[in-house]
Undergrad: 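The structure under discussion is supplied below as structure tokens; questions concerning it will follow.
Quick caveat, the model's predicted, so the values are computed rather than measured.
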Amino acid sequence: MAGWVVVVGSINVDLTVQVSRLPRPGETVVNGTLTRSGGGKSANQACAAARFGATTRFVGAVGDDAMADEALDSIAAAGIDVSRCIRLAGTPTAVALIMVDVAGENQIAVASGANGVLDGAAVAAALTDLEPPPGSALLLALEVSDPVVVAAAQWAAARGMTIVVDPAPARPLPPELLATHPIVKPNQTEAFQLTGERTAQAAAAALHARTGAPVIVTLGAGGAMLFDPGHGGPDHLPSPRVETIDATGAGDALTGILAACLASGAPVRAALSWAVTGAALSTLGNGARGALPTRPEVGLLMGMVTG
């Protein structure tokens with residue numbers, strides 16, 4: 001039996017405006033189109049994992065406002081178990097304001113709300129009697145506090161789970177998190193911020209020295225680099241070329257699919273190959289969850305690329 005994907009972290013409501021171009025500082029760009037949808041890095045990753053076929057459970061926090069049910073319903077509709085999510089009285093649900101231009105580039109600002117108030121003790125309590133099957137994976141991102149991330153990682157490590165950390169937004173990783181030997185998956189900018197290095201390979205090597213685990217540096221349309229000295233040298237996995245509509249959430253799609261593949265027993269390199277291809281497909285629709293692919297869809301494109 002395949003393992004679960006357990007996701008602990010952020011959940012938002014996204015307000016997205018499609019514009020002809022992104023505004024410069026102090027500038028207003030008009031005639032945009034507004035859409036409203038579910039978001040949050042961790043919730044997006046959970047949806048990607050579930051869409052890919054993984055049994056997925058999500059632990060996070062919403063407020064007690066009108067957006068709370070909307071946020072939870074948006075991922076429950078994807079077949080994700082949200083029974084351990086926490087409602088925080090007197091706190092707003094998080095909201096992200098997103099602008100996307102015609103090339104698919106974006107700018108994002110987040111009002112953290114309940115994501116920022118959630119604490120480690122509440123997460124530990126929500127997870128305490130949850131016992132995933134062998135081979136399960138935990139997904140973490142940094143839109144929640146260090147105590148939340150550490151509590152979840154220590155819970156997963158005690159159960160032998162594979163831990164994947166998306167260090168976004170980038171900040172120093174706590175020693176207690178590094179001690180759980182997570183697979184760290186920054187983009188190139190985040191890798192530089194975390195290490196002070198100026199090449200993806202050097203940054204990955206520095207992160208590997210801290211975790212003792214494989215490191216993945218994503219390269220946008222360039223795919224991803226896997227640094228795993230135990231299985232050969234640095235390995236570049238290119239992304240298939242697609243006509244991108246909106247790149248919002250492509251990194252989250254990659255992370256969710258990666259975790260789904262790891263939970264199904266795939267080695268890291270094979271899991272990353274599926275994830276890079278799935279991330280490319282996710283840019284073919286609007287919004288962070290607009291075109292999340294299924295396993296058969298990703299498999300079909302992989303076959304076309306290698307055939």
Undergrad: Using the rule that Ile, Leu, Val, Met, Phe, Trp and Tyr join whenever any side-chain heavy atoms are under 4.5 Å apart, tell me whether Met67 and Leu97 fall into a single cluster.
TA: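 Yes, same cluster.
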
Undergrad: Tell me, yes or no, whether the heavy-atom count around Glu27 atom CD, taken from other residues, nucleotides or ligands under 6.0 Å, exceeds 12.
TA: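 Counting other residues, nucleotides and ligands, CD of Glu27 exceeds 12 neighbours.
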
Undergrad: For a quick test of reading the model, state the closest non-hydrogen atom pair linking Ala206 to Thr195 and the distance between them.
TA: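 Looking at all heavy atoms of both residues, the closest pair is CB-CG2, 3.9 Å.
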
Undergrad: Start with the C-alpha gap between Arg295 and Ser264, add the side-chain angles, then the distance that decides, and say whether side chain to side chain contact (heavy atoms under 4.5 Å, CB included) holds.
TA: CA-CA 12 Å; Arg295 181 183 285 269; Ser264 72; 3.8 Å; yes

Undergrad: Looking only at heavy atoms, what is the nearest atom pair of Gly38 and Asn44, with distance?
TA: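 It is O-OD1, 4.1 Å.
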
Undergrad: Any idea which heavy atoms bring Ser20 and Val102 closest together, and the distance?
TA: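 Closest approach of Ser20 to Val102: O-CG2, 3.4 Å.
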
Undergrad: Quick check: is Leu272 connected to Val217 through a chain of hydrophobic side chains (ILVMFWY, heavy atoms under 4.5 Å apart)?
TA: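 No; tracing contacts between hydrophobic side chains, which count when under 4.5 Å, never links both residues.
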
Undergrad: With rounding to the nearest 0.5 angstrom, report the OG to CD1 distance, Ser37 to Ile98.
TA: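 Rounded to the nearest 0.5 Å, the OG-CD1 separation comes out at 6.5 Å.
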
Undergrad: Just by distance, with hydrogens left out, do Asp65 and Thr93 show a side-chain donor and acceptor under 3.5 Å apart?
TA: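 Side chains of Asp65 and Thr93: pair found under 3.5 Å.
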
Undergrad: To the nearest 0.5 Å, tell me how far Ile80 CD1 sits from Phe58 CZ.
TA: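 Spacing of CD1 (Ile80) from CZ (Phe58) equals 8.0 Å.
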
Undergrad: Sequence neighbours excluded and cut-off under 3.5 Å, please list the side-chain donor-acceptor pairs for residues 109-130, or say none.
TA:
| from | atom 1 | to | atom 2 | distance (Å) |
| --- | --- | --- | --- | --- |
| Asn115 | OD1 | Ile11 | N | 3.1 |
| Asn115 | ND2 | Ile11 | O | 3.4 |
| Asn115 | ND2 | Asn12 | OD1 | 2.9 |
| Asp119 | OD1 | Ala121 | N | 3.3 |
| Asp119 | OD1 | Ala122 | N | 2.8 |
| Asp129 | OD1 | Arg84 | NH1 | 2.7 |
| Asp129 | OD1 | Arg84 | NH2 | 3.4 |

Undergrad: Shared ILVMFWY cluster between Ile183 and Met161, side chains joined below 4.5 angstrom?
TA: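 Each belongs to a different hydrophobic cluster.
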
Undergrad: Would you give the length of the straight line joining atom OG1 of Thr199 to atom CD of Gln188, rounded to the nearest 0.5 angstrom?
TA: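 The distance works out to 8.5 Å.
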
Undergrad: Would you say His181's side chain and Thr211's backbone share a donor-acceptor pair under 3.5 angstrom?
TA: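 Checking the backbone N and O of Thr211 against the side chain of His181, a donor-acceptor pair under 3.5 Å is found.
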
Undergrad: Is it true that Leu34 and Val29 fall in one hydrophobic cluster, defined by side-chain heavy atoms closer than 4.5 Å?
TA: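 Hydrophobic grouping puts Leu34 with Val29.
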
Undergrad: Going by salt bridge (Lys or Arg N to Asp or Glu O under 4.0 Å), name the pairs with one or both residues in residues 30-42, residues two or more places apart or in two chains.
TA: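 Those involving residues 30-42 are Arg36-Glu70, Lys41-Asp166, Lys41-Asp252.
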
Undergrad: Step by step, would you call Arg269 with Asp235 a salt bridge (Lys or Arg N to Asp or Glu O under 4.0 Å)?
TA: CA-CA 9 Å; Arg269 191 195 184 283; Asp235 196 356; 2.4 Å; yes

Undergrad: Sub-3.5 Å donor-acceptor pair from the side chain of Arg171 to the main-chain atoms of Leu142, do we have one?
TA: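 Yes, because the side chain of Arg171 sits within donor-acceptor range (under 3.5 Å) of the backbone of Leu142.
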
Undergrad: Distance check, rounded to the nearest 0.5 Å: Asp101 atom CG versus Leu22 atom CG?
TA: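 These two atoms lie 4.0 Å from each other.
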
Undergrad: As an exercise, state the distance from CG of Leu284 to CD of Glu297, rounded to the nearest 0.5 Å.
TA: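 Reported value, rounded in 0.5 Å steps: 10.0 Å.
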
Undergrad: Would Asp64 and Thr91 count as a side chain to side chain contact (heavy atoms under 4.5 Å, CB included) here? Give the steps.
TA: CA-CA 6 Å; Asp64 59 359; Thr91 302; 5.6 Å; no

Undergrad: When you compare the side chains of Asp14 and Thr16, does any donor N or O come within less than 3.5 Å of an acceptor on the partner?
TA: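 Result is no, nothing qualifies.
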
Undergrad: Any chance you could measure Leu281, atom CG, to Met302, atom CE, to the nearest 0.5 Å?
TA: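 Going from CG on Leu281 over to CE on Met302, the span is 10.5 Å.
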
Undergrad: Pro186 and Leu194: which non-hydrogen atoms are nearest, and at how many Å?
TA: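 Looks like CB-CD1, 4.3 Å.
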
Undergrad: Before giving the answer on side chain to side chain contact (heavy atoms under 4.5 Å, CB included), spell out for Met225 and Leu237 the whole-Å C-alpha distance, their side-chain angles and the decisive distance to 0.1 Å.
TA: CA-CA 6 Å; Met225 185 196 74; Leu237 287 78; over 6 Å; no

Undergrad: Tell me the closest heavy-atom pair linking Phe52 and Thr294, and the distance in Å.
TA: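 What the structure gives for the nearest pair is CD1-C, 4.0 Å.
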
Undergrad: Under a 4.5 Å cut-off applied to non-hydrogen side-chain atoms, are Gln107 and Pro23 in contact?
TA: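 Heavy-atom side-chain distance check passes, below 4.5 Å.
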
Undergrad: With heavy-atom distances below 4.5 Å as the criterion, would you say the side chains of Arg210 and Val184 are in contact?
TA: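 When only atoms from C-beta onward are counted, Val184 and Arg210 do not touch, as no gap falls below 4.5 Å.
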
Undergrad: Using side-chain heavy atoms (C-beta onward) and a distance below 4.5 Å, is Pro182 in contact with Leu140?
TA: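 Answer no - side chains too far apart.
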
Undergrad: Donor-acceptor pair, distance only, cut-off 3.5 Å: does the side chain of Ser273 make one with the backbone of Ala270?
TA: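 It does not hold such a pair.
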
Undergrad: Please answer whether the main-chain N or O of Gly39 pairs with a side-chain N or O of Arg289 as donor and acceptor at a distance below 3.5 Å.
TA: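 Looks like yes, one N/O pair under 3.5 Å.
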
Undergrad: If the test is side-chain contact (heavy atoms from CB on, under 4.5 Å), which one of Ile216, Val276, Leu139, Val5 qualifies with Leu258?
TA: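 Testing Leu258 for a side-chain contact (heavy atoms from CB on, under 4.5 Å) against Ile216, Val276, Leu139, Val5 leaves exactly one candidate, Ile216.
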
Undergrad: Heavy atoms only: give me the nearest Ala152-Leu138 pair and the separation to one decimal.
TA: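 Distance-wise, the nearest heavy atoms are O-CD2, 3.4 Å.
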
Undergrad: Look only at the side chain of Ser136 and the backbone of Trp4, and say whether a donor-acceptor pair between them is shorter than 3.5 Å.
TA: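 Present.
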
Undergrad: Looking at Asp81, is its backbone amide N or carbonyl O close enough to the side chain of Ser83 to form a donor-acceptor pair, meaning the two atoms are under 3.5 Å apart?
TA: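 Checking the backbone N and O of Asp81 against the side chain of Ser83, no donor-acceptor pair under 3.5 Å is found.
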
Undergrad: Does NE2 in His236 sit with more than 12 non-hydrogen atoms of other residues, nucleotides or ligands closer than 6.0 Å?
TA: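 Counting other residues, nucleotides and ligands, NE2 of His236 exceeds 12 neighbours.
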
Undergrad: Give a yes or no on whether Val149 and Leu88 share a hydrophobic cluster (residues Ile, Leu, Val, Met, Phe, Trp, Tyr; joining criterion: side-chain heavy atoms under 4.5 Å apart).
TA: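 They do share one cluster, since a chain of ILVMFWY contacts under 4.5 Å joins Val149 to Leu88.
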
Undergrad: Would you check, one step at a time, whether the test side chain to side chain contact (heavy atoms under 4.5 Å, CB included) holds for Leu226 with His231?
TA: CA-CA 10 Å; Leu226 171 63; His231 294 82; over 6 Å; no

